[in-house]
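Proteins come first, then strands; the chains are lettered A, B, ... in the order of their sequence lines, and each starts at number 1. All values below come from the heavy atoms of this structure, side chains included, with hydrogens, waters and symmetry mates left out.
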Amino acid sequence: DVKVTQSSRYLVKRTGEKVFLECVQDMDHENMFWYRQDPGLGLRLIYFSYDVKMKEKGDIPEGYSVSREKKERFSLILESASTNQTSMYLCASEKRSGANVLTFGAGSRLTVL
Amino acid sequence: EDKVVQSPLSLVVHEGDTVTLNCSYEVTNFRSLLWYKQEKKAPTFLFMLTSSGIEKKSGRLSSILDKKELFSILNITATQTGDSAVYLCAPQSSNGGATNKLIFGTGTLLAVQP
């Protein structure tokens with residue numbers, strides 16, 4: 001069964017802490033994505049990557065960075081967490097078809113106090 | 001600015017009912033429209049619609065796209081409690097490159113009561 005695995009389902013952090021959200025896929029997919037999902041706002045794209053060491057900003061990249069050192073792993077980094085980054089974070093991947101048939105991870109719910 | 005509106009926001013039905021979920025969109029360089037089902041975790045892919053007027057079916061679920069009027073509907077017949085979920089509509093905008101962009105609606109929350 002193909003999978004996108006997010007390392008943490010629930011995290012609680014304090015304002016100003018550095019936060020790493022890890023995502024690993026075992027499908028040999030080229031493209032990987034980070035979204036956040038908030039009530040009333042839907043899923044919004046933070047960053048995506050279409051190859052190792054490549055990254056592109058999505059719609060809301062401010063306050064975030066990403067790392068793609070290996071094909072299977074895409075990390076989202078909050079350099080200094082703030083309360084407005086409390087959200088559900090979803091990682092997804094797809095084969096380089098551009099069709100956007102994404103496979104999602106189960107999500108990481110981050111609370112910043 | 002790209003826009004996706006799903007209606008209704010939420011819906012409560014009884015098992016066996018038929019439901020219709022709506023999605024209207026305004027997206028630059030439209031390429032296709034995808035539907036996802038989200039239970040309490042990862043959204044899962046349902047349909048991708050590229051052409052107008054061609055119904056896609058999977059069991060009790062079906063969907064159709066109207067590219068002239070810029071909307072899509074998702075129908076679920078003979079609903080079951082397992083259909084309870086948030087249904088997400090996501091038109092795809094083409095950037096001509098290796099990746100295209102999905103613009104997600106806020107979803108319709110469907111609750112099916114026994």
Residue that, paired with Y50(A), satisfies side-chain contact (heavy atoms from CB on, under 4.5 Å) out of M32(A), E30(A), E56(A): E56(A)
State which residues pass salt bridge (charged side-chain N to carboxylate O under 4.0 Å, His left out) with E22(A); sequence neighbours excluded, sorted by chain then number. R73(A)
Does anything in residues 60-83 of chain B pair up under salt bridge (Lys or Arg N to Asp or Glu O under 4.0 Å), and if so which pairs, sequence neighbours excluded? R60(B)-D83(B)
Residues in residues 105-113 of chain A near chain B [non-hydrogen atoms, under 4.5 Å]: G105(A), A106(A)
I need the single residue from L21(A), L76(A), V19(A) that forms a side-chain contact (heavy atoms from CB on, under 4.5 Å) with Y64(A). Which is it? L76(A)
Considering only heavy atoms, which portion of L43(A) lies under 4.5 Å from any heavy atom of chain B: side chain, backbone, both, or neither? both
With rounding to the nearest 0.5 angstrom, report the SG to CD distance, C91(A) to Q6(A). 5.5 Å
Does V4(B) share a hydrophobic cluster with F30(B), counting links as ILVMFWY side-chain heavy atoms below 4.5 Å and allowing steps through other members? yes
Give, as side chain, backbone, both or neither, the part of Q37(A) having an atom under 4.5 angstrom from any heavy atom of chain B. side chain
Region of R44(A) that comes under 4.5 Å of a non-hydrogen atom in chain B: neither
Structural part of Q38(B) lying under 4.5 Å from a heavy atom of chain A: side chain
Under 3.5 Å, is there a donor-acceptor pair between the S87(A) and D38(A) side chains? yes
Portion of I103(B) that has a non-hydrogen atom of chain A nearer than 4.5 angstrom: neither
The complete set of side chain to side chain donor-acceptor pair (under 3.5 Å) pairs with one or both residues in residues 16-27 of chain B, sequence neighbours excluded, reads T20(B)-N75(B)
